[in-house]
Amino acid sequence: MLSRPTWTPIHAQLHRTLRQRQILPKNQQLLIAVSGGQDSLCLIKLLLDLQPKWQWHLGIAHCDHRWRPDSEANANHVEKIAKNWQLPFYKLSANQVLNGEAAARQWRYQALSEIAQSHNYPYIVTGHTQSDRAETLLYNLMRGSGADGLQSLTWVRPLTDNLKLVRPLLEITRAQTAQFCQDMQLPVWQDSTNQELKYARNRIRQELIPYLQQHFNPQVEPALAQTAELLRAEVEYLENAASALLQEAIEERRLGAGETTLCLNRSLLRKAHLALQRRVMRQFLQQTLQMAPSFEQVEKITALITAPNRSQTDPFLKGAFATVDGNWISIQNPKSQI
Ligand SMILES: Nc1ncnc2c1ncn2[C@@H]1O[C@H](COP(=O)(O)OP(=O)(O)OP(=O)(O)O)[C@@H](O)[C@H]1O
């Protein structure tokens with residue numbers, strides 16, 4: 001199974017991407033998240049082949065969710081691959097049953113971060129492809145996401161101050177990783193849940209994308225990935241602008257008997273565009289109440305920017321609500337969490 005040294009157009013493409021984007025610097029310790037499927041096997045092979053040029057130190061991590069009868073065999077398969085390629089191997093197994101895809105994903109990122117931090121890997125690398133990016137965009141679009149959700153699968157996502165999640169295959173399609181694995185004779189583990197159409201993501205992959213390719217645009221995957229890429233820069237720009245405006249508009253004010261609270265300056269916010277007002281309000285709620293507000297909650301607090309004096313929102317969390325006092329919006333919090 002040990003690789004023949006080859007240089008294919010995919011090697012060249014990845015090398016070019018890494019040079020342009022500088023997302024996986026030279027000499028670094030990279031922890032590759034490997035499920036055993038075609039994308040992550042393609043990823044290991046490519047990084048191993050590029051390693052002499054980049055001098056990375058590679059390791060492999062596998063998370064056993066224990067929600068499929070064959071999950072232990074899957075983990076053993078990945079361990080064997082790591083051994084054959086003489087790479088350090090780390091495994092974590094879930095110690096409780098994980099309910100559904102979202103819980104499994106959350107546990108997986110937690111587990112990968114633990115492995116990375118305890119073995120000094122500043123980078124976790126995953127095999128997400130352009131196809132995943134297109135599917136994520138469609139999935140979030142149908143759930144009513146704004147630009148933030150549509151651009152969500154990005155090249156780099158900071159997990160902590162000194163740990164980054166990097167997705168270097170975002171310009172390579174799943175069809176390409178499949179062909180690559182076949183050409184290189186890589187031992188792909190067939191995930192028994194991939195065929196299950198009950199999972200929304202699988203239905204997007206197996207039904208919706210092929211339909212769009214056949215009836216609308218054969219290049220729908222790169223087209224959607226391009227939309228995600230455009231939105232990524234726009235979201236970054238807007239988030240930075242909103243954060244600067246929040247800093248300007250926020251003030252600590254005395255509420256009477258010695259107590260102070262964080263308030264927002266309405267006349268300043270009134271001059272901003274609705275797009276920024278919404279983002280400022282979302283950031284404000286995230287910071288003051290440590291919550292991920294819904295669309296409705298953001299709409300309600302945004303309406304306070306122009307609402308009559310003494311207006312207030314419905315409660316957000318544990319009785320906390322936002323209210324207008326003259327030129328100021330503040331959070332009234334009976335449990336004083338802020
Ligand atoms: N069990 C696992 N152990 C280690 N890494 C994994 C595992 N499952 C997936 N990964 C990593 O995550 C990448 C994406 O996998 P997949 O598309 O199956 O997950 P997902 O749940 O859709 O992920 P996300 O929500 O992050 O998009 C894989 O290419 C691989 O790098």
Side-chain angles (χ1 to χ4, degrees), residues 8-14 16-18 20-21 23-24 32-43 45-47 100-102 104-106 108-109 124-157 164-182 188 190-191 193-239:
T8 66
I10 297 190
H11 287 85
Q13 190 179 350
L14 180 60
R16 208 170 39 241
T17 299
L18 294 178
Q20 278 166 2
R21 297 187 177 271
I23 45 180
L24 291 175
I32 315 174
V34 177
S35 62
Q38 62 180 57
D39 302 336
S40 47
L41 280 201
C42 174
L43 175 68
K45 173 77 173 102
L46 286 169
L47 292 181
E101 258 187 302
R105 181 176 304 132
Q106 199 186 358
R108 185 166 74 232
Y109 282 115
I124 295 173
V125 193
T126 62
H128 289 101
T129 59
Q130 186 178 73
S131 312
D132 290 306
R133 205 174 198 193
E135 290 157 13
T136 304
L137 187 145
L138 284 175
Y139 181 73
N140 287 337
L141 183 65
M142 288 185 284
R143 294 166 62 221
S145 290
D148 297 47
L150 304 184
Q151 57 94 50
S152 60
L153 212 63
T154 54
W155 295 93
V156 180
R157 174 157 76 91
K164 286 185 177 137
L165 175 69
V166 180
R167 302 172 173 122
L169 301 190
L170 288 184
E171 275 163 359
I172 293 169
T173 64
R174 193 170 297 117
Q176 284 178 294
T177 63
Q179 188 62 51
F180 182 86
C181 289
Q182 205 181 328
V188 174
Q190 296 300 343
D191 179 343
T193 59
N194 265 355
Q195 304 310 319
E196 290 180 25
L197 293 187
K198 68 180 175 171
Y199 297 120
R201 295 289 278 272
N202 288 347
R203 290 207 309 273
I204 292 175
R205 179 177 299 180
Q206 291 173 25
E207 295 177 351
L208 184 55
I209 297 265
Y211 183 86
L212 294 174
Q213 283 168 330
Q214 196 183 340
H215 297 283
F216 291 90
N217 180 2
Q219 292 300 315
V220 73
E221 284 183 332
L224 292 173
Q226 179 181 307
T227 303
E229 189 64 20
L230 290 168
L231 289 172
R232 189 188 66 83
E234 291 177 17
V235 165
E236 193 176 278
Y237 173 78
L238 286 171
E239 275 297 285

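Start at 1 with the first residue, then count along the sequence.
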Is any side-chain heavy atom of [X] closer than 4.5 Å to a side-chain heavy atom of [Y]?
X    : Y    : result
I10  : Q179 : no
P168 : L24  : yes
I23  : L18  : yes
E207 : N202 : no
R203 : L208 : no
F180 : I172 : no
D132 : R174 : yes
Q213 : I209 : yes

Shortest non-hydrogen contact from [X] to [Y]?
X    : Y    : result
L231 : A147 : CD2-CB, 4.0 Å
G36  : L41  : O-CG, 3.7 Å
L137 : L224 : CD1-O, 3.6 Å

Option from R21, R167, K164 for which side chain to side chain contact (heavy atoms under 4.5 Å, CB included) with V156 holds: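 With V156 as partner, R21, R167, K164 yield a single side chain to side chain contact (heavy atoms under 4.5 Å, CB included), made by K164.
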
Evaluation steps, side chain to side chain donor-acceptor pair (under 3.5 Å), between W155 and E229: CA-CA 9 Å; W155 295 93; E229 189 64 20; 3.1 Å; yes

Please answer whether the main-chain N or O of [Y] pairs with a side-chain N or O of [X] as donor and acceptor at a distance below 3.5 Å.
X    : Y    : result
Q13  : E171 : yes
Q20  : T17  : no
Q176 : T173 : yes
S152 : D148 : no
R133 : L153 : yes
E221 : Q130 : no
N140 : S145 : no

Once you round to the nearest 0.5 Å, how far does [atom1] of [X] lie from [atom2] of [Y]?
X    : Y    : atom1 : atom2 : result
L141 : R143 : CG    : CZ    : 11.0 Å
L138 : R201 : CG    : CZ    : 10.0 Å
S40  : H128 : OG    : NE2   : 10.0 Å
I32  : I124 : CD1   : CD1   : 12.0 Å
L169 : T126 : CG    : OG1   : 8.0 Å
I204 : E135 : CD1   : CD    : 7.0 Å

Working for side chain to side chain contact (heavy atoms under 4.5 Å, CB included), residues H11 and L46: CA-CA 6 Å; H11 287 85; L46 286 169; 3.7 Å; yes

